[in-house]
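No hydrogens, no waters, no symmetry mates; every other heavy atom, side chains included, goes into these values. Chain identifiers are assigned alphabetically (A, B, ...) following the order of the sequence lines, protein sequences preceding nucleic acid strands; residue numbering begins at 1 within each chain.
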Amino acid sequence: MTVPTAHRYQVVWFKRDLRVDDHDPLMRAAERGPVIPLFIIEPDLWQQPDMSGRQFSFLSESLLELREQLSDVGQPLIVRTSDAISCLNDLHCTYGIDALWSHEETGNDWTFTRDRAVAAWCQEQRIEWHQIPQFGVIRRLKSRRGWAGRWDRLMSAPMIQRPKGLMPLSEIEPGPLPQAQDVGIANDEAPKRFRGGRSVGLSDLESFLQDRGEPYQKAMSSPLTAFDGCSRLSAHLAFGTVSMRETYQAACRRQDDLRALHMDHRGRWPGAVRSFLARLHWHCHFIQKLEDEPAIEFRCFHPAYEGLREHNAEAIERWSTGQTGLPFVDACMRALNAHGWINFRMRAMLVSFASYHLWLPWRSTGEPLARLFIDYEPGIHWSQMQMQSSTTGINLPRIYNPIKQGRDFDPNGSFIRHWIPELSEVPNVYIHEPWLWPEMRATIDGHYPPPIVDERAARKVARDKIWAVRREPGYRAIADQIQVRHGSRKSGMPQHDKRIKIARRKQKAEPATQLSFLTSE
DNA sequence: AGTGCAGTTGACTTT
DNA sequence: TAAAGTCAACTGCAC
């Protein structure tokens with residue numbers, strides 16, 4: 001390895017923070033010297049089982065805009081396609097790196113391993129690597145006490161101004177932005193996908209808070225209304241085209257504006273903005289879990305659930321392509337395939353159906369599901385996979401009935417008919433259970449499969465198995481430990497203490513307050 | 001107008 | 001972020 005002659009450049013390594021506004025590492029690096037703004041396309045990362053072409057497309061659109069924004073401040077984005085260490089090493093040997101700057105990343109095992117290797121390389125080369133938090137996630141967290149307050153302070157802190165001007169680096173080629181196929185990424189485009197790039201994110205934020213968001217609380221539950229009634233910011237937050245802080249502050253400003261309005265003119269807005277803010281909070285709450293315990297990407301929170309479920313390739317194939325024969329499940333899955341996004345409740349139902357009715361291990365369904373999400377965020381995804389599969393030990397099993405969900409959230413079957421044209425002839429009364437329609441076979445035999453399982457029977461079998469595990473000796477003690485470590489503060493006491501407290505409340509004839517589990521709706 | 005009854009609604013518990 | 005079951009209160013209606 002050649003020893004560089006000068007150590008003069010500040011490398012800002014963009015990862016999932018594709019913006020120049022509210023970018024702490026960029027601002028600090030710019031204060032210290034000439035900046036190489038770098039994005040590394042790492043082909044090996046894109047071969048991981050949770051990564052996909054549709055995510056790469058969103059990334060590409062975001063990188064194009066980032067390159068423009070950086071050009072505006074003086075130096076376009078430098079893009080290199082290779083593994084991180086060779087890339088950094090090349091830059092160091094050719095130009096000399098003084099320090100490396102990036103946001104902290106709470107990613108999957110692959111990025112964690114890569115970051116440890118980069119840290120080791122930096123140490124060998126005597127290059128400082130400054131990693132700065134961008135969410136309310138705290139590295140090496142000792143105690144959860146005060147976490148929420150710290151989050152509020154971080155999010156309320158002033159936005160970081162974009163650097164006044166970056167020194168143009170005529171000697172460094174910006175480099176091409178490769179196409180997915182150049183990097184060996186399989187084509188997996190979602191035809192109706194939300195687009196990447198900061199400008200889209202900012203306009204979604206604006207239109208949500210000023211215009212679309214009023215029915216949020218109700219609209220988020222149904223796939224008929226959620227595409228318009230939700231913020232559509234999840235992928236932007238995942239890729240950092242819009243920062244959590246600016247999103248939080250925009251919502252707070254909206255809240256202040258509403259308070260200035262007379263009650264009669266506020267409509268449903270106050271509740272909508274409050275729920276939205278709560279979700280921003282949960283975003284970090286879940287990522288914190290993966291930060292604290294990276295193993296949850298692979299292992300059940302509670303070991304008693306390890307190896308309980310059974311792999312079944314054919315069932316996964318039918319589930320992930322929308323061919324289970326349960327109309328609402330299939331409609332939601334097909335919508336997700338086409339959009340790369342679906343609302344939270346439907347995600348929960350899809351996972352519940354896979355984990356209970358189909359009895360599939362959450363790891364084997366979590367991978368194809370991660371690939372379908374353009375907003376895949378490892379900390380949220382794997383926490384949710386486990387919660388919806390009841391492997392946490394903290395949460396009670398919640399088994400969704402896809403027929404009931406369909407009746408509740410798609411009462412006249414229009415969502416089903418839109419995504420499953422095979423069922424267009426089925427009358428309303430049978431649309432959620434077409435196998436009961438007497439003319440079913442004659443009309444659509446061969447076009448739409450019979451149900452993969454008997455919903456009622458499969459649910460009962462799954463429920464009994466889960467409750468049998470919960471009754472095993474020793475289960476409770478481990479669950480209580482997990483509760484202490486990972487439960488939210490509001491529900492942060494072991495289960496048996498809760499029961500005692502509830503019993504006491506009843507004795508005093510006070511109304512029992514709702515236990516606050518980790519909820520998202 | 002009062003009574004009985006089937007069906008509905010809501011609060012709460014259990015799994 | 002659930003669903004099903006229980007129970008009591010309530011409602012509409014026939015008589």
Side-chain angles (χ1 to χ4, degrees), chain A residues 216-223 225-226 229-230 234 271 274-276 278-283 285-286 289 301 305 326 328-329 332 336 341-357 362 366 369 373 377 380-409 432-433 453-472 475-476 479 486-488 490-491 495-496 498-503 505-521:
Chain A
Y216 184 57
Q217 284 183 98
K218 190 160 189 289
M220 73 169 89
S221 292
S222 166
T225 47
C230 290
S234 53
R274 196 177 344 105
S275 315
F276 180 63
R279 268 156 200 75
L280 297 181
H281 196 272
W282 283 323
H283 173 279
H285 170 96
F286 287 120
K289 290 180 192 304
F301 270 94
Y305 295 104
L326 281 107
F328 199 52
V329 171
C332 289
L336 170 59
W341 186 90
I342 195 151
N343 57 321
F344 177 83
R345 177 183 281 272
M346 270 59 253
R347 294 183 190 207
M349 181 188 75
L350 290 172
V351 174
S352 161
F353 189 74
S355 290
Y356 297 110
H357 298 83
W362 55 267
L369 201 59
F373 292 149
E377 175 66 60
I380 299 175
H381 184 68
W382 296 111
S383 302
Q384 285 296 331
M385 286 306 302
Q386 294 222 39
M387 282 172 61
Q388 305 301 346
S389 309
S390 179
T391 56
T392 64
I394 300 172
N395 308 93
L396 287 165
R398 291 176 194 277
I399 307 176
Y400 287 70
N401 179 338
I403 298 161
K404 180 181 180 297
Q405 290 293 312
R407 291 212 171 92
D408 289 349
F409 299 108
H432 297 288
E433 297 172 280
V453 289
D454 177 323
E455 195 283 326
R456 216 178 131 84
R459 176 149 44 88
K460 176 158 174 40
V461 169
R463 193 187 61 186
D464 291 349
K465 284 186 194 163
I466 293 285
W467 281 96
V469 172
R470 294 176 67 90
R471 282 190 292 264
E472 281 169 12
Y475 176 92
R476 182 81 272 148
H486 288 285
S488 77
K490 288 180 200 161
S491 60
Q495 293 288 320
H496 63 264
K498 271 187 202 162
R499 291 207 191 99
I500 293 163
K501 286 220 167 181
I502 291 166
R505 270 194 205 117
K506 278 186 184 164
Q507 280 174 2
K508 288 189 202 163
E510 284 173 8
T513 51
Q514 176 86 42
L515 284 178
S516 167
F517 280 99
L518 310 171
T519 57
S520 254
E521 260 191 46

Without decimals, in angstroms, what is the distance between [X] [atom1] and [N] [atom2]?
X	N	atom1	atom2	answer
A:Phe353	C:dT1	CZ	P	23 Å
A:Lys460	C:dG5	NZ	P	10 Å
A:Asn401	C:dG5	CG	C1'	15 Å
A:Tyr216	C:dT1	OH	P	12 Å
A:Phe409	C:dT1	CZ	P	11 Å
A:Trp282	C:dT1	CH2	C1'	9 Å
A:Met346	C:dT1	CE	P	14 Å
A:Trp467	C:dA4	CH2	P	15 Å

Find out whether the Lys NZ or Arg CZ of A:Arg347 is both under 6.0 angstrom from the six-membered ring centre of A:Phe373 and within 45° of the ring's axis. yes

Could you tell me which residues satisfy side-chain hydrogen bond (donor to acceptor under 3.5 Å, both in side chains) with [X], sequence neighbours excluded, listed by chain and number?
X	value
A:Lys404	A:Asp408
A:Ser390	none
A:Arg407	A:Glu433
A:Lys465	none

With a 4.0 Å cutoff (strictly under), does any side-chain N or O of [X] reach OP1 or OP2 of [N]?
X	N	answer
A:Arg471	B:dT15	no
A:Asn395	C:dT1	no
A:Arg459	C:dA4	yes

Over the length of the helix from B:dG2-C:dC15 to B:dT15-C:dA2, how much do the five-pair end axes diverge, rounded to 10 degrees? 10°

Proximal nucleotide (of C:dA4, B:dT15, C:dA2) relative to the A:Arg345 side chain: C:dA2

Which pair of heavy atoms, one from A:Met346 and one from A:Pro223, lies closest together, and at what distance? SD-CD, 3.5 Å

Sugar-phosphate only, base, or nothing, as touched by A:Gln405 at under 4.0 Å among non-hydrogen atoms: sugar-phosphate

Considering residues at least two apart in sequence or located in another chain, which fulfil the ring pair (Phe, Tyr, Trp, His ring centres under 6.0 Å) criterion with A:His357? A:Phe353

May A:Tyr400 be described as stacking on the base of C:dT1, applying a 5.5 Å centroid limit and a 30° limit on plane angle? no

